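Everything on this sheet refers to the single structure shown next.
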Amino acid sequence: MPKQKQQKKPPVTPSPERREELLRIAADVFAEQGYNATTVRKIADAAGMLAGSLYYHFDSKESMLEEILRTFLTELWDGYDSVLSAPLGPRETLEALVTESFREIDRHRSAVAIYQKESKHLVSQTRFEYLVESQQRFEKAWLTTLERGVTDGVFRADLDIRLAYRFVRDTVWVAASWYRPGGGHSPEEIARQYLSMVLDGIAVRT
């Protein structure tokens, strides 16, 4: 009697919830250990699964990292574009951009840390070239807001716009190194405290 061929089981489609969970775990591992030191095995160990099982969900660590960064940047630009398209004055725009930045740090702390530490090296890979465009858009959004503030007389005429941009950019996003979601201060409260200090330095003195 001829043996019946065993039918191959169809591949298991992971649930969206499980996929998101694995990406959160991977983001934490990338942020803590760095891109080069992170392996699929290390991510799998952190997720409590075999490395081979992780390949059912993602084909490489690069795929995981790309999805982590794209998700973060998509949400960031959804928030920024909403602010930039609103009929706000330059000061209100700056305040809203800062607040939105702290919200994204709250939502994607590990992704922000990865972006800060790894983006300069990642852009040499074709699949991460989109990071360059995002960086250019980011710089333009902030510089335009500061320039508009000086032109409108809202910010000081002697303000060094590029220096102010670098200061605000670096002091806001470095918060990813110490901020912990669920802590004693909401991202909105941190933004309010930050703005109360910064704007006293760049707003027109009355």
Side-chain angles (χ1 to χ4, degrees), residues 19-40 42-43 46-47 54 57-84 93-146 162-183 185-188 190-191 194-195 198:
R19 187 180 181 84
E20 289 179 10
E21 179 187 11
L22 291 174
L23 286 172
R24 283 195 299 270
I25 293 169
D28 290 342
V29 176
F30 279 123
E32 292 170 6
Q33 302 193 19
Y35 170 72
N36 288 332
T38 297
T39 63
V40 171
K42 288 182 178 179
I43 296 171
L54 193 57
H57 304 267
F58 307 96
D59 61 13
S60 65
K61 75 171 188 177
E62 288 79 13
S63 293
M64 284 183 273
L65 183 56
E66 182 177 10
E67 190 164 341
I68 289 165
L69 292 176
R70 281 192 181 277
T71 298
F72 156 58
L73 289 174
T74 296
E75 291 191 17
L76 175 68
W77 281 108
D78 283 347
Y80 272 20
D81 287 341
S82 178
V83 169
L84 296 170
T93 299
L94 180 68
E95 291 173 340
L97 288 174
V98 167
T99 301
E100 192 58 41
S101 298
F102 279 113
R103 285 174 179 155
E104 288 306 313
I105 292 172
D106 180 66
R107 297 184 190 113
H108 300 286
R109 186 183 67 83
S110 290
V112 173
I114 297 166
Y115 182 87
Q116 288 180 319
K117 290 188 291 186
E118 309 287 356
S119 59
K120 287 183 180 179
H121 308 292
L122 291 173
V123 293
S124 62
Q125 300 183 41
T126 303
R127 72 189 305 162
F128 292 108
E129 287 178 348
Y130 65 90
L131 295 176
V132 175
E133 179 187 356
S134 182
Q135 290 165 356
Q136 292 170 345
R137 288 179 63 194
F138 184 92
E139 181 174 306
K140 181 180 179 182
W142 286 87
L143 288 176
T144 300
T145 300
L146 290 167
R162 186 161 291 276
L163 181 62
Y165 156 69
R166 289 173 177 168
F167 171 78
V168 172
R169 177 197 64 191
D170 292 349
T171 53
V172 167
W173 291 101
V174 76
S177 66
W178 54 261
Y179 178 78
R180 294 295 179 270
H185 300 284
S186 69
E188 291 79 12
I190 294 175
Y194 174 84
L195 287 163
V198 171

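Note that the coordinates shown come from a computational prediction; the quantities given were computed from them, not determined experimentally.
Taken to the nearest 0.5 Å, the OG atom of S60 stands 10.0 Å off from the CG atom of L54. Taking CG from L146 and OG1 from T93, the interatomic distance works out to 10.5 Å, rounded to the nearest 0.5 Å. How far OG1 of T145 is from CG of L84: 6.0 Å, rounded to the nearest 0.5 Å.
Partners of R103 by salt bridge (charged side-chain N to carboxylate O under 4.0 Å, His left out), not counting sequence neighbours, listed by chain and number: E100, E188. In this structure Q33 satisfies the side-chain hydrogen bond (donor to acceptor under 3.5 Å, both in side chains) test together with K42, sequence neighbours excluded. Annotation: side-chain hydrogen bond (donor to acceptor under 3.5 Å, both in side chains) contacts of S101 (sequence neighbours excluded): Y80. Listed by chain and number, the residues in a side-chain contact (heavy atoms from CB on, under 4.5 Å) with A26 are F30, I43, M64, I68 (sequence neighbours excluded). Under the salt bridge (charged side-chain N to carboxylate O under 4.0 Å, His left out) criterion, E129 pairs with no residue, sequence neighbours left out. Residues satisfying the salt bridge (charged side-chain N to carboxylate O under 4.0 Å, His left out) test with E95, not counting sequence neighbours, are R91. Contacts of E20 classified as salt bridge (charged side-chain N to carboxylate O under 4.0 Å, His left out), with partners at least two apart in sequence or in another chain: none. Y194 is linked by a ring pair (Phe, Tyr, Trp, His ring centres under 6.0 Å) to F102, counting only residues two or more places apart in sequence or in another chain. Remark: D59 engages S63 in a side-chain hydrogen bond (donor to acceptor under 3.5 Å, both in side chains) (not counting sequence neighbours). With sequence neighbours excluded, the residues satisfying side-chain hydrogen bond (donor to acceptor under 3.5 Å, both in side chains) with W77 are S134. Qualifying side-chain contact (heavy atoms from CB on, under 4.5 Å) partners for E32, counting only residues two or more places apart in sequence or in other chains: D28.
Using a 4.5 Å heavy-atom threshold, the side chains of W142 and V98 count as touching. Annotation: side chain of L23 is in contact with side chain of F58 (closest heavy-atom distance under 4.5 Å). Two residues are said to be in side-chain contact when any heavy atoms from C-beta on lie closer than 4.5 Å; I114 and F72 fail this criterion.
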Item to check | R162/L143 under side-chain contact (heavy atoms from CB on, under 4.5 Å): CA gap, chis, key distance, verdict | outcome: CA-CA 7 Å; R162 186 161 291 276; L143 288 176; 3.3 Å; yes
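Of the possible donor and acceptor atoms, none in the side chain of T144 sits under 3.5 Å from a partner among the backbone N and O of A141.
Environment of CD in E139: crowded, with over 12 heavy atoms of neighbouring residues, nucleotides or ligands closer than 6.0 Å. Within a 6.0 Å sphere centred on CZ of R169, other residues, nucleotides and ligands contribute more than 12 heavy atoms.
A salt bridge (Lys or Arg N to Asp or Glu O under 4.0 Å) check over residues 62-75, counting only residues at least two apart or in different chains, returns the pairs R19-E67, E66-R70, E66-R127.
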